[in-house]
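In what follows, every heavy atom counts, from backbone to side chain, and hydrogens, waters and symmetry copies are set aside. Counting convention: from 1, in listed order, for ligands and their atoms alike. The first residue in the sequence is number 1, and the count goes up from there.
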Amino acid sequence: MAEDDCIFCKIVAGELPSHPIYEDEHTIGFLDISPWVSGHSLVIPRRHSRNLWEVEGEDLAHTAAAAKAVATTMRDRIGAEGVNLLNSCEAAAWQTVFHFHIHVIPRFSGDPLRLPGHPGEADQDALAELAAKLRA
Ligand code: 5GP
Ligand code: ZN
């Protein structure tokens, strides 16, 4: 079901314009309106879900497969030398549009994108304690 006031549901329904680049039964892909680099695209399930924590498993699988297809097209048609896939889940992780989506970002040597994080140092005991907590 489409969610009221969800801009991506409106794009799925054709009620808002987009520049589509991919579609199948379960997903669509279109160019991001504010690209980080030329070709930056979004792939979304047609069915609304808020984010990674809420997306149903089959929609997640379909969207991942569509992201791979789009990534391959970027290599073959616009000469991408690499690709980043990005998903942000909730505002704390930079999510701004609350309809699950995967960014497909073509990469080119010398493009301006940089990793947002920096490698830190980790204490082995702290890593072991954390791993135990996450395994539990
Ligand atoms: P998020 O910040 O949630 O990970 O990603 C949302 C993305 O949607 C942003 O990169 C933003 O530029 C893009 N976006 C927001 N509104 C629109 C729109 O109306 N059309 C398109 N094509 N992209 C949008
Ligand atoms: Zn939606």
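- Closest protein heavy atom to atom 1 (P) of ligand 1: H101 NE2, 3.2 Å.
- Contact annotation: for S88 versus ligand 1, heavy atoms closer than 4.0 Å belong to the side chain alone.
- Between the Zn ion (ligand 2) and the N, O or S atoms of H48, the shortest distance is to ND1.
- Not one N or O of I7 is nearer than 3.5 Å to an N or O of ligand 1, by distance alone.
- Every atom of ligand 1 with a heavy atom of W94 under 4.0 Å away is listed here by number and element: 2 (O).
- Rounding to 10 degrees gives 110° for the angle at the Zn ion (ligand 2) between ND1 of H99 and SG of C9.
- Checked against S41 for a side-chain contact (heavy atoms from CB on, under 4.5 Å), the options H19, H103, M74 give a single hit: M74.
- Between H40 and ligand 1, no pair of N/O atoms sits closer than 3.5 Å.
- Looking only at heavy atoms of the protein, atom 22 (N) of ligand 1 is closest to L31 O, 2.9 Å.
- Within the 4.0 Å heavy-atom criterion, the part of H103 lying near ligand 1 is the side chain and not the backbone.
- Considering backbone and side-chain atoms alike, T96 places an N or O below 3.5 Å from some N or O of ligand 1.
- The shortest N/O to N/O separation between I11 and ligand 1 does not fall below 3.5 Å.
- With a 4.5 Å cut-off on side-chain heavy atoms, R107 and N84 count as touching.
- Looking only at side-chain heavy atoms (C-beta outward), L60 and L52 come within less than 4.5 Å of each other.
- Between W36 and I105 there is a side-chain heavy-atom pair separated by less than 4.5 Å.
- With distances taken over non-hydrogen atoms, the option nearest atom 17 (C) of ligand 1 out of I105, N87, N51, I33 is I33.
- Relative to atom 11 (C) of ligand 1, the option among L86, I44, D32, L16 with the closest non-hydrogen atom is D32.
- Which parts of ligand 1 touch Q95 is read off a 4.0 Å heavy-atom cut-off, strictly below it: atoms 3 (O).
- By the criterion of a heavy-atom distance under 4.0 Å, the side chain of F8, and not its backbone, is placed next to ligand 1.
- Within a 6.0 Å sphere centred on CG of D123, heavy atoms belonging to other residues, nucleotides or ligands number more than 12.
- Around CD of E58, the count of heavy atoms belonging to other residues, nucleotides or ligands within 6.0 Å does not exceed 12.
- Counting heavy atoms from C-beta outward, E56 and S49 have side chains that stay 4.5 Å or more apart.
- Taking a 6.0 Å sphere around CD of E15, one finds it holds more than 12 heavy atoms contributed by other residues, nucleotides or ligands.
- Proximity of R75 to P106: side-chain heavy atoms (C-beta onward) are nowhere separated by under 4.5 Å.
- Against a heavy-atom cut-off of under 4.0 Å, S34 is close to the following atoms of ligand 1: 12 (O).
- T63 is not listed as a side-chain neighbour of I44, based on a closest heavy-atom distance of 4.5 Å or more.
- Polar contact with ligand 1: absent for F30 (N/O pair, distance under 3.5 Å).
- Dense packing is recorded around CD of E81, with more than 12 heavy atoms of other residues, nucleotides or ligands lying under 6.0 Å away.
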